[in-house]
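Below is one structure, written out as structure tokens; comments come after it.
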Amino acid sequence: MADDLSAVGRFLFEAGTLKHSRRTGWWMAGVRDPESVAEHSWRTALLASVIAELEGADPARAALMAVWHDSQETRTGDVNHLGKKYAPAADPHAVTADQTEGMPPGLAALVRGLVGEYEAKESPEAVCARDADKLECLIQGVEYREQGYAHAQRWIDNSRDRLVTPTARSLADEVLRQGSLDWLRVAIGEEKA
């Protein structure tokens, strides 16, 4: 390998900051220690692969877009919807271009392309990845609501209303019929599937 990987190495440390960056919107719902951006991105990627497969899109591409969808927040922070009212949103394309500067050209092009495709909202995979982002918020909201954060209902309702694909809407309805620990009850035999 002849490529200089120093920029990639720096980015890997930069990406690690998302493990400590909290999703700030949950503070408005009263959640004291909300999930990190990295935690959100992991389940979003998982959901993107599920939604894409069931929608007939490429699950790997949708999941890869979901992995990168909030990567710019290493530099901008997680700005919630109220914050965006007062501060102009950073251009994800510009942030990604800065983040990938100096990386091997093929890698930089891949990452920039994924972010661009996600932001364009046009490909089936981008639509699935974006639905995964909203569905993950809905699921997290259900979990927080069950922990006693009643104000999470607003995030649940808003997320459900923003889903586009039939699969994401159906999954949301199914999640809303279940409790967050129903999987455990079934797994240990307390309830039938």
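In this chain, numbering begins with 1 at the start of the sequence shown.
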*Any side-chain donor-acceptor pair under 3.5 Å between Glu73 and Ser21?*
no

_Show the nearest heavy-atom pair for residues Ser49 and Pro59, with the distance to one decimal._
O-CB, 3.4 Å

*From Gln153, Arg160, Arg154, residue fulfilling side chain to side chain donor-acceptor pair (under 3.5 Å) relative to Asp157*: Gln153

*Transitively linked via ILVMFWY side-chain contacts under 4.5 Å: Leu54 with Ile139?*
yes

*Atom SG of Cys137 and atom OH of Tyr144: how far apart are they, to the nearest 0.5 Å?*
9.5 Å

*Flag yes if Phe13 and Val8 sit in one hydrophobic cluster, no otherwise; membership is Ile, Leu, Val, Met, Phe, Trp, Tyr, and two members link when side-chain heavy atoms are under 4.5 Å apart.*
no

_Would you compute the distance between atom CG of Asp131 and atom CG of Leu163 and round it to the nearest 0.5 angstrom?_
5.0 Å

*Enter the distance from Arg145:CZ to Leu176:CG here, rounded to the nearest 0.5 Å.*
6.5 Å

*Is Arg130 salt-bridged to Asp133, going by a charged N under 4.0 Å from an acidic O?*
no

*Mind checking the NE2-OG1 spacing from His20 to Thr74? Nearest 0.5 Å is all I need.*
12.5 Å

*Let me see the working for Thr167 and Glu55 under side-chain hydrogen bond (donor to acceptor under 3.5 Å, both in side chains), right down to the final yes or no.*
CA-CA 7 Å; Thr167 297; Glu55 285 289 319; 2.5 Å; yes

*Leu82 and Tyr149: same hydrophobic cluster, using ILVMFWY side-chain contacts below 4.5 Å?*
yes

*Atom CD in Glu119, atom NE2 in His69: separation rounded to 0.5 Å?*
9.5 Å

*Does a salt bridge link Arg43 with Glu35, judged by any charged N lying under 4.0 Å from a carboxylate O?*
no

_Can you tell me if Trp183 has over 12 outside heavy atoms packed within less than 6.0 Å of its CH2?_
no

*asked:* Please tell me whether Trp68 and Val95 are part of a single hydrophobic cluster in this structure, the criterion being side-chain heavy atoms less than 4.5 Å apart.
replied: no

*Taking only residues two or more places apart in sequence, or in another chain, which ones meet Trp155 in a ring pair (Phe, Tyr, Trp, His ring centres under 6.0 Å)?*
Trp26

*asked:* Taking CD in Glu101 as the centre, count heavy atoms belonging to other residues, nucleotides or ligands within less than 6.0 Å. Is the count above 12?
replied: no

*Quick one: do the Glu143 and Gln147 side chains pair a donor with an acceptor below 3.5 Å?*
no

*Is there a path from Val142 to Leu181 through hydrophobic residues (I, L, V, M, F, W, Y) whose side chains come within less than 4.5 Å of each other?*
no

*Ala62 versus Ala48, closest heavy-atom pair with distance*: O-CB, 3.5 Å

*Take Thr165 and Arg169 through the side chain to side chain contact (heavy atoms under 4.5 Å, CB included) test and state the conclusion after the steps.*
CA-CA 6 Å; Thr165 63; Arg169 289 193 303 266; 5.9 Å; no

*Go through the steps for Leu135 and Ile51 under the test side chain to side chain contact (heavy atoms under 4.5 Å, CB included), then give the verdict.*
CA-CA 10 Å; Leu135 185 56; Ile51 295 168; 4.1 Å; yes

*asked:* If you count heavy atoms of other groups shown closer than 6.0 angstrom to NZ of Lys85, is the number above 12?
replied: no

*Does a side chain donor of either Asp78 or His40 reach within less than 3.5 Å of an acceptor in the other side chain?*
no

*asked:* Does this structure show an ion pair linking Asp33 with Arg22, if we count only N-O contacts that are shorter than 4.0 Å?
replied: yes

*Thr96 side chain to His93 main-chain N or O, any donor-acceptor pair under 3.5 Å?*
no

*asked:* Is a donor from one side chain sitting under 3.5 angstrom from an acceptor on the other, for Glu14 and Gln99?
replied: yes

*asked:* Distance check, rounded to the nearest 0.5 Å: Leu5 atom CG versus Arg10 atom CZ?
replied: 10.5 Å

*Distance only, no hydrogens: is a donor on one side chain within 3.5 Å (strictly under) of an acceptor on the other, for Arg112 and Thr100?*
yes

